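Have a look at the structure below, then the notes.
Note that the coordinates shown come from a computational prediction; the quantities given were computed from them, not determined experimentally. Here is the naming used below: chain letters follow the sequence lines, and residue numbers restart at 1 for every chain.
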Number of protein chains: 2
Amino acid sequence: MSEGVEWALHTCLNLTWIEDGRPVPAAVLADYFKLPPAYLNKQLQALARSGIVSSVSGPRGGFQLARDPRKITVLDVVVAIEGPEDAFQCAQILRDAPDGEPGIDYRETCVISQVMRKAELLWRAELAARTLADVKATVESRFPGTPNETRQGLRSRRA
Amino acid sequence: MSEGVEWALHTCLNLTWIEDGRPVPAAVLADYFKLPPAYLNKQLQALARSGIVSSVSGPRGGFQLARDPRKITVLDVVVAIEGPEDAFQCAQILRDAPDGEPGIDYRETCVISQVMRKAELLWRAELAARTLADVKATVESRFPGTPNETRQGLRSRRA
DNA sequence: GTCATTCTACTCGGATAACGTGTGTCCGAGTGTCGTCGG
DNA sequence: CCGACGACACTCGGACACACGTTATCCGAGTAGAATGAC
């Protein structure tokens, strides 16, 4: 799985702690984790295309969450970066088997494909059940200092 | 996910229908699905290293299942091809955050890492609960002709 | 006829290339802000 | 003093290189079996 997923999740989580409506530049978000600014920018663009964050150009511009953290699931972020396709892609090799028929959609018929798909469904369901608000709340209950630390850390960087 | 996983799963499933103890050459297994023989051979080597199949060299050689299909899970095959690492690799970027401490293992502490790991755990558990024998039985109940067709298809190819 | 021996052909196994996707970087388009100038 | 205008600086957005992992291929080591010849 792409490393950008981790970056995107942590960055979105950081954005949940920004309460003034001001957007945060990609360079600031990147510097917080010592990440390559231009590349994080690229990931943020993907999040923007998926409607998870909204971007504003120009001075005082940057990124902010596009909607309530309770309406953003972890799966949303993963899909925005990784794409909507399943990890296991059934290439339907049964079609090339001796008794394979070209008309059949083996992605539905093939038992192996079904097993893999059910497993991925569980994975997706678990990630879809966790919202950014859930994660935020869990972090705050375990590490009460994090919200202020994050706010301070970002504020000092955007001067 | 690597395409070799699909090849390996279907090939192992085909091997469950071989009942005489004779091994089947990689070239025969590959031709059954019109796959590149040398490349399937490579995947079979990975399965052999993991102890899922056993290989015998020379004439009349080939591959055969190394143990009872009831003792081979779908996850075993996936891990043999893809490797044991999780798809989501926590790079511990929290260490580079302003208040990150190098001594902490954030793979355990980080909430995001925990969420991702739990989801993958469900995925793995589902695949670990399905054995090759289960898959074989399901296929046989839905398509009773498959065992004989597969045996015939492979027999005609190994002459 | 039987056995040992040699030869052959077959199969795996790892070393070696080609391709594609993810990783990383750069510069241009657009925009808000600040300073300046005129009224 | 106030407002409009212009230049500037900042930010995103997409286009452009690089690297690594997957995909694919080939040839050599080893081995079982068949053929051959001697006894």
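Considering only residues two or more places apart in sequence or on other chains, B:R49 meets the salt bridge (charged side-chain N to carboxylate O under 4.0 Å, His left out) condition with none of them. Residues that satisfy the ring pair (Phe, Tyr, Trp, His ring centres under 6.0 Å) test with B:W7, not counting sequence neighbours, are B:Y39. For B:F33, the ring pair (Phe, Tyr, Trp, His ring centres under 6.0 Å) criterion is met by B:H10, not counting sequence neighbours.
Checking B:N14 against B:T11 by side-chain atom types alone, no donor-acceptor pair falls below 3.5 Å.
Rounded to whole angstrom, the span from the CZ atom of A:R22 across to the P atom of C:dT33 amounts to 11 Å. Separating the CE atom of A:M1 from the C1' atom of C:dT21 is a distance of 15 Å, rounded to the nearest angstrom. A straight line from CD of B:Q43 to C1' of D:dT25 spans 13 Å, rounded to a whole angstrom. Following rounding to the nearest Å, B:Y39 (OH) and C:dT16 (P) show an atom-to-atom distance of 18 Å. Across the protein-nucleic acid pair, B:L35 atom CG and D:dT25 atom P stand 11 Å apart, rounded to whole Å. Rounded to whole Å, atom C1' of C:dT21 lies 14 Å from atom CD of A:Q89. When the C1' atom of C:dT21 is taken as reference, atom CD of A:E3 falls 15 Å away, rounded to whole Å. In this structure, B:L40 atom CG and D:dT22 atom C1' are separated by 15 Å, rounded to whole Å.
Among residue pairs with one or both ends in residues 63-78 of chain B, those qualifying as side-chain hydrogen bond (donor to acceptor under 3.5 Å, both in side chains) are B:R67-B:D76, B:D68-B:R70, B:T73-B:D76; sequence neighbours excluded. Counting only residues at least two apart or in different chains, side-chain hydrogen bond (donor to acceptor under 3.5 Å, both in side chains) contacts with residues 117-130 of chain A comprise A:D86-A:R124.
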#### Entry: nucleotides 7-21 of chain D: protein proximity per nucleotide (B base, S sugar-phosphate only, - neither; heavy atom, under 4.0 Å)
---BBBBBB------

